[in-house]
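Lettering follows sequence order; numbering is per chain, from 1.
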Amino acid sequence: MRLYEELLALYGKQGWWPLFNPIKNKFEYYSGNPKNFKQKLEICLGAILTQNTNWNNAEKALLNLINKNLINIDKLDRIPENKLALLIKSSGYYKQKAKKIKEFIKFLKSNKEITRENLLKVWGVGKETADSILLYAYDKPYFVTDNYTKRFFSKLDYCKKDIGYDELQKLITSKIPKDINLYKEFHALIVKHSKINKDGLKQ
DNA sequence: TACCAGGTCCTCG
DNA sequence: CGAGGACATGGT
């Protein structure tokens, strides 16, 4: 919590995930919960598109889907995979990601419960993507332990640099209150800090 | 030009 | 399990 307070003092509230604002015609970091299913879906798609890819590239791909009115399960279910792939080309790994989106949409249409266990069974959804979806789209308390997070805590000697995903998640959540907004903001601050301090993590 | 970005899956041992 | 490779674009 001391680290969280320091980061917050340093950078201020970040907002945690970019959502497209049609009025302003741009992505904005929001500081609340997604208001409707469409926003949830947009976050889920963004989580898949940004896998091992910078947000800028993922954003262009997402914008293509938004402009084609494709943030919609039925439409995404119907569009041919190769056509979808071309729309998201800028996000890299575009053929794989098209398949991942298709698989994810299939999962949503199955009406299975959105749990970590069920998400991890979906092809293309690993631990980080599952936790991002659960936390940012579905407001469930799962701390996202991505590479930034691992680097952040290992450089500060809170853990080994090859610590496993679940292990680091457990370590962090055992030391802070189980609060969704805290999880969201803390992770956003870690990302912010890590992007600024590529090498020298001080403080 | 080379490296990397808010990973995941598959294969092999 | 775990290491190693494949997947791919765009920015710096």
Side-chain angles (χ1 to χ4, degrees), chain A residues 4 7 11 13-20 27-31 34 40 42-65 81-107 116-138 140 142-155 159-170 172 182-201:
Chain A
Y4 171 72
L7 288 174
Y11 302 112
K13 292 246 179 202
Q14 295 303 301
W16 25 74
W17 196 278
L19 269 178
F20 188 69
F27 286 89
E28 293 180 323
Y29 282 82
Y30 75 100
S31 283
K40 288 182 198 296
E42 186 187 317
I43 291 169
C44 296
L45 295 171
I48 292 172
L49 290 172
T50 196
Q51 287 174 0
N52 203 40
T53 301
N54 61 52
W55 176 253
N56 198 35
N57 286 4
E59 186 182 279
K60 285 178 188 158
L62 193 50
L63 194 55
N64 279 339
L65 300 184
E81 194 171 307
N82 58 344
K83 207 170 164 186
L84 177 60
L86 291 180
L87 287 172
I88 62 171
K89 197 155 194 247
S90 71
S91 71
Y93 308 141
Y94 60 95
K95 291 178 188 166
Q96 288 205 340
K97 284 176 180 173
K99 183 178 175 192
K100 290 175 181 182
I101 288 173
K102 284 293 204 179
E103 294 290 323
F104 181 70
I105 293 299
K106 221 183 293 176
F107 167 71
R116 193 175 199 252
E117 190 188 3
N118 283 338
L119 281 170
L120 289 177
K121 287 182 195 154
V122 180
W123 188 89
V125 177
K127 288 171 180 174
E128 186 191 327
T129 305
D131 288 342
S132 297
I133 289 172
L134 288 164
L135 181 64
Y136 292 107
Y138 287 91
K140 298 190 179 173
Y142 289 88
F143 200 97
V144 178
T145 316
D146 58 9
N147 277 323
Y148 283 139
T149 310
K150 190 190 287 194
R151 220 160 56 207
F152 178 75
F153 285 103
S154 67
K155 289 221 176 173
C159 64
K160 300 245 168 65
K161 70 172 186 293
D162 60 347
I163 189 172
Y165 186 98
D166 290 332
E167 203 186 344
L168 179 57
Q169 187 179 56
K170 222 180 289 174
I172 295 169
L182 171 64
Y183 283 16
K184 291 179 176 179
E185 189 60 39
F186 200 172
H187 179 252
L189 283 166
I190 290 169
V191 172
K192 171 82 173 180
H193 182 74
S194 303
K195 279 180 175 167
I196 291 175
N197 300 277
K198 284 220 184 281
D199 314 300
L201 274 175

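- Interatomic distance, CG of A:Asn82 versus NZ of A:Lys99, reported as 14.5 Å (0.5 Å rounding).
- In A:Lys140, the NZ atom is crowded: over 12 heavy atoms of neighbouring residues, nucleotides or ligands sit closer than 6.0 Å.
- No salt bridge links A:Glu167 with A:Lys170; every basic N to acidic carboxylate O contact stays at or beyond 4.0 Å.
- Ring orientation note: the planes of A:Tyr136 and A:His187 are tilted relative to one another, at an angle of 30° to 60°.
- Between the CH2 atom of A:Trp55 and the P atom of C:dG10 there is a distance of 16 Å, rounded to whole Å.
- A:Asn147 comes within 4.0 angstrom of the backbone, heavy atoms only, and of no base.
- Panel note: side chain A:Lys97, backbone A:Gln51; a donor-acceptor pair is recorded below 3.5 Å.
- The side-chain heavy atoms of A:Ile88 and A:Leu45, taken from C-beta on, include no pair separated by under 4.5 Å.
- Remark: P of C:dC7 and NZ of A:Lys89 are 15 Å apart, rounded to the nearest angstrom.
- Here the C1' atom of nucleotide C:dC1 and the CD1 atom of A:Ile163 are 17 Å apart, to the nearest Å.
- Annotation: of the two residues near DNA chain C, A:Tyr94 and A:Lys60, the 5′-most nearest-nucleotide partner is A:Tyr94.
- In this entry the distance linking CD1 of A:Ile48 with C1' of C:dC7 reads 16 Å, nearest Å.
- Going from atom CG of A:Asp162 over to atom P of C:dC1 covers 16 Å, rounded to whole Å.
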| message | Determine whether A:Glu103 and A:Lys100 satisfy the following criterion, salt bridge (charged side-chain N to carboxylate O under 4.0 Å, His left out), listing intermediate values before the conclusion. | response | CA-CA 5 Å; A:Glu103 294 290 323; A:Lys100 290 175 181 182; over 6 Å; no

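- Atom P of B:dT1 sits at a distance of 22 Å from the matching atom of C:dA8, rounded to the whole Å.
- Among the heavy atoms of the strands, none lies under 4.0 Å from A:Phe104.
- Proximity of A:Tyr165 to A:Asp131: side-chain heavy atoms (C-beta onward) are separated by under 4.5 Å at one or more points.
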| request: Can you check each nucleotide of nucleotides 8-13 of chain B against protein heavy atoms at under 4.0 Å and return B for base, S for sugar-phosphate only, - for none, in 5' to 3' order? | output: SSS---

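- Only the C1' atoms considered, C:dA3 is 22 Å distant from B:dA5, to the nearest whole Å.
- In this structure, the CD atom of A:Glu59 is 15 Å from the C1' atom of C:dT9, given to the nearest Å.
- In the set C:dA8, B:dG7, B:dA5, the nucleotide with an atom closest to the side chain of A:Lys95 is C:dA8.
- For A:Lys97 and C:dG10, the NZ to P distance is 12 Å, given to the nearest whole Å.
- Closest to the A:Asn52 side chain, of the nucleotides C:dG11, B:dA5, C:dT9, is B:dA5.
- Heavy-atom nearest nucleotides on DNA chain C were determined for A:Asn56 and for A:Thr53, and the one closer to the 5' end corresponds to A:Thr53.
- Side-chain N/O atoms of A:Arg151 include none lying less than 4.0 angstrom from OP1 or OP2 on B:dC4.
- Considering only side-chain N and O atoms, A:Lys195 lies nowhere under 4.0 angstrom from the phosphate OP1 or OP2 of C:dT12.
- What separates CG of A:Leu119 from P of B:dG7 is a distance of 17 Å, to the nearest Å.
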